[in-house]
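Counting starts at 1 for both ligands and their atoms, in listed order. As a basis for the values below, the full set of heavy atoms in this structure was taken, side chains included, without hydrogen atoms, waters or symmetry mates.
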Amino acid sequence: MLQSPLFDILAQSDVGKGTQCARLVKDFGFCHLSAGDLLRAEQHREGSEYGELIQTCIKEGTIVPMEVTVKLLENAMAAALAENRSGEGWTAGRGRFLIDGFPRKMDQAEKFEHDVGQASAVLFYSTTQEVMLERLLERGKTSGREDDNAESIKKRFNTYKEQTMPVIEHYESLGKVIEIDSSASIDEVHQRTKAAVAKLLSA
Ligand code: UDP
Ligand code: MG
């Protein structure tokens, strides 16, 4: 088990997680891993046995079986640790990870905490469905993503309500959730996130 300080970022759908994560990497030297990006890379990897499964899940807005996602994260984290990075929070076998868009379902959360490590906090970016829909459709104009369309988005909102909300409630019961309203501007959301993470890291 990697004894690493971990941060998970959850949001109903892209409320600007990717943008905020890039800023947090600069602020605190995190290794940023996006579960969705790792899945998309695996989907397109030649010889992958999961390509079709991942594609279907993403399009249908359902959660890819946890074994696949947890393994991809575990491998990516091990690779980052093997780089022997320097900087605050990075020592032998220990790193500072910002995991974006994960865990989306309770079984993943349990497997990850059992196999890989404990999250020190969960950043929860919230906003209204209207704002999210607008942001996703806007992103869809250029993203080329198979799930940035009205039909997939509706399914993703549903999955979120049924499977991801219980994960947030679980971490809330452990006092680990930092909720940030992401309706505000990118800079405003960044300032609030930065302050909360700084406080956590200094505790
Ligand atoms: N996904 C998954 N397990 C995860 C994270 C993502 O199965 O742990 C799949 C799921 O189908 C989700 C899609 O990947 O709807 C896109 O997730 P991503 O976080 O990239 O979406 P974003 O929030 O950036 O729009
Ligand atoms: Mg994203």
Which ligand 1 atoms are under 4.0 Å away from a heavy-atom of Cys57? 11 (O)
Heavy-atom side-chain proximity of Ile63 to Cys57 below 4.5 angstrom: no
Quiz question: by atom type and distance under 3.5 Å, do the side chains of Ser126 and Asp181 form a donor-acceptor pair? no
Any heavy atom of Arg139 under 4.0 Å from ligand 1? The part involved is side chain
Could you walk me through whether Phe102 and Phe112 satisfy the ring pair (Phe, Tyr, Trp, His ring centres under 6.0 Å) test, starting with their C-alpha distance in whole Å, then the side-chain angles of each, then the deciding distance to 0.1 Å, before giving a yes or no? CA-CA 10 Å; Phe102 179 91; Phe112 185 88; 5.3 Å; yes
For atom 2 (C) of ligand 1, state which one of Asp37, Thr69, Leu72, Leu39 supplies the nearest heavy atom. Leu39
Derivation and outcome, ring pair (Phe, Tyr, Trp, His ring centres under 6.0 Å), residues Trp90 and Phe30: CA-CA 9 Å; Trp90 290 86; Phe30 283 111; 9.1 Å; no
Check: Ser182/Thr127 side-chain N/O donor and acceptor closer than 3.5 Å: no
Nearest neighbour of atom 10 (C) of ligand 1 from the list Ile63, Val64, Thr62, Thr56, on a heavy-atom basis: Thr62
With the side chain counted from C-beta on, respond yes when Glu151 and Arg156 share a heavy-atom pair under 4.5 Å apart, and no when they do not. no
Show the atoms of ligand 1 that are less than 4.0 angstrom away from any heavy atom in Phe102. 8 (O)
I need the atoms of ligand 1 closer than 4.0 Å to a non-hydrogen atom of Gln108, numbered in the order shown. 3 (N), 4 (C), 8 (O)
Heavy-atom side-chain contact between Thr193 and Leu123 under 4.5 Å: yes
When you measure from the heavy atoms of Lys105 to every atom of ligand 1, does any distance fall below 4.0 Å? no
Among the heavy atoms of Arg40, does any lie under 4.0 Å from an atom of ligand 1? yes
Only heavy atoms of Gly101, strictly under 4.0 Å: list the atoms of ligand 1 that pass. 4 (C), 5 (C), 8 (O)
Quick check: do Asp100 and His32 have side-chain heavy atoms less than 4.5 Å from each other? yes
Taking the non-hydrogen atoms of Arg145, is any one of them nearer than 4.0 angstrom to ligand 1? yes
One finds that the ligand 1 atoms under 4.0 Å from a non-hydrogen atom of Gly36 are 20 (O)
Polar proximity ligand 1 side, Lys17 side, N/O cut 3.5 Å exclusive: yes
